[in-house]
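Following: one structure in structure tokens, then a few remarks.
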Amino acid sequence: PRRLAAALAYLGPAEASRSNLGPSSDSRDGGALALLQLAASQLVDYTSDYREGSLAVFCALAKAAGSRAFRRLTEEKSAKLAKDVACLSGLPSEAVESSETAADGSDAGLGRLSPTDAAEFFCALTRLGQKETPLLAQLSRQLAEHVAELRPAQLPLLVKALGRGSPHDDFVLLHAICRQSAVELAQGKLDGQSAVVLMQACSRWE
């Protein structure tokens with residue numbers, strides 16, 4: 001699965017080029033999308049065979065072509081795929097099914113899913129148009145708590161993905177990202193373009 005994910009990443013630029021050129025672009029670029037859709041169909045049909053590697057493939061497809069990679073799937077199949085990938089990646093099943101916290105204030109956490117992988121998953125789900133699902137809510141809340149464990153380069157990407165969850169969850173995560181980004185900027189780990197992305201995101205929440 002990791003090698004497949006790496007191969008799919010190379011198809012992203014070809015598909016982006018085809019999308020920018022429009023329907024009259026060369027058929028060779030259209031072949032990139034067809035291959036991405038085939039890979040998506042295989043992932044849906046044989047999700048369990050991919051095991052933990054299903055997350056890398058899922059994220060690679062979403063990054064390469066967004067919802068176009070999965071447009072042959074029904075909304076129900078897309079939602080089921082996201083849940084299956086989450087469970088195979090080690091996210092507790094209760095986190096996938098419900099965004100509610102327990103009576104004692106505890107929640108399901110990330111399980112075996114690392115914060116960096118959770119950030120990739122969150123961005124992939126938003127690229128596919130998922131909105132205010134229990135899975136998205138759980139990932140958002142956990143990322144807000146573990147934002148210091150993310151790679152600096154993930155912070156601008158994560159802030160771009162905001163806007164699909166509940167306003168409260170999005171604001172809490174944005175606040176956490178901004179606090180961590182200030183640290184990373186002071187240490188020279190984020191560049192000027194990243195700072196611009198962060199400021200633009202903040203301006204949407206004024």
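One-based numbering along the sequence shown. Quick caveat: nothing in here was measured; it's all calculated off a predicted structure.
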TODO: Check the pair Glu149 / Thr116 against side chain to side chain contact (heavy atoms under 4.5 Å, CB included), numbers first and verdict last.
DONE: CA-CA 7 Å; Glu149 300 171 54; Thr116 53; over 6 Å; no
What is the distance from atom [atom1] of [X] to atom [atom2] of [Y], rounded to the nearest 0.5 Å?
X      : Y      : atom1 : atom2 : result
Cys178 : Met199 : SG    : CE    : 11.0 Å
Arg141 : His146 : CZ    : NE2   : 13.5 Å
Lys131 : Leu136 : NZ    : CG    : 11.0 Å
Leu61  : Leu38  : CG    : CG    : 10.0 Å
His175 : Cys202 : NE2   : SG    : 10.5 Å
Asp84  : Ser54  : CG    : OG    : 8.5 Å

Task: N-O pairing of Arg151 and Glu120 below 4.0 Å - done: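 Yes.
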Locate the shortest heavy-atom distance separating [X] from [Y]; write the atom from each residue and the value.
X      : Y      : answer
Gln138 : Gly109 : NE2-N, 3.3 Å
Leu88  : Glu52  : O-CG, 3.2 Å
Gly163 : Asp170 : N-OD2, 2.9 Å
Leu198 : Val159 : CD2-CG1, 4.0 Å
Leu110 : Ala118 : CD2-CB, 4.0 Å
Ser140 : Leu173 : OG-CD2, 3.7 Å

Task: Steps toward side chain to side chain contact (heavy atoms under 4.5 Å, CB included) verdict (Lys63, Arg127) - done: CA-CA 7 Å; Lys63 188 173 184 179; Arg127 287 188 185 105; 4.1 Å; yes
Return all side-chain donor-acceptor pairs below 3.5 angstrom for residues 39-48, not counting sequence neighbours, or 'none' if the list is empty.
residue: Ser41; atom: OG; partner: Gln37; partner atom: O; Å: 3.1
residue: Thr47; atom: OG1; partner: Leu43; partner atom: O; Å: 2.5
residue: Thr47; atom: OG1; partner: Val44; partner atom: O; Å: 3.1

Open item on the list: Between Phe58 and Tyr50, is the ring centroid distance below 6.0 Å?
Closed with: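 No, they do not, as the ring centres are separated by 6.0 Å or more.
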Any donor-acceptor pair under 3.5 Å linking the side chain of [X] with the backbone of [Y]?
X      : Y      : value
Ser181 : Ile177 : yes
Ser203 : Gln200 : yes
Ser194 : Leu190 : no

Open item on the list: Under 4.5 Å between side-chain heavy atoms, counting indirect links through other Ile/Leu/Val/Met/Phe/Trp/Tyr residues: same cluster for Leu157 and Leu55 or not?
Closed with: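 Leu157 does not cluster with Leu55.
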Open item on the list: Hydrophobic clusters here meaning ILVMFWY residues chained together by side-chain heavy-atom distances under 4.5 Å, can you tell me if Val172 and Leu158 are in one?
Closed with: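 No, because Val172 and Leu158 fall into different hydrophobic clusters, even though each may have its own neighbours under 4.5 Å.
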So, do [X] and [Y] sit near enough that their side-chain heavy atoms are less than 4.5 Å apart?
X      : Y      : result
Val197 : Leu155 : no
Phe70  : Leu73  : yes
Leu113 : Leu139 : yes
Leu150 : Gln180 : no

Open item on the list: Pair Leu91, Leu135 - check side chain to side chain contact (heavy atoms under 4.5 Å, CB included), show working.
Closed with: CA-CA 10 Å; Leu91 197 65; Leu135 176 55; 3.3 Å; yes
Task: Step-by-step side chain to side chain contact (heavy atoms under 4.5 Å, CB included) determination, Lys189 to Leu185 - done: CA-CA 6 Å; Lys189 296 180 180 178; Leu185 282 166; over 6 Å; no
Task: Crowding at CD, Glu75 (>12 non-hydrogen neighbours, <6.0 Å) - done: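 Result for CD/Glu75: open.
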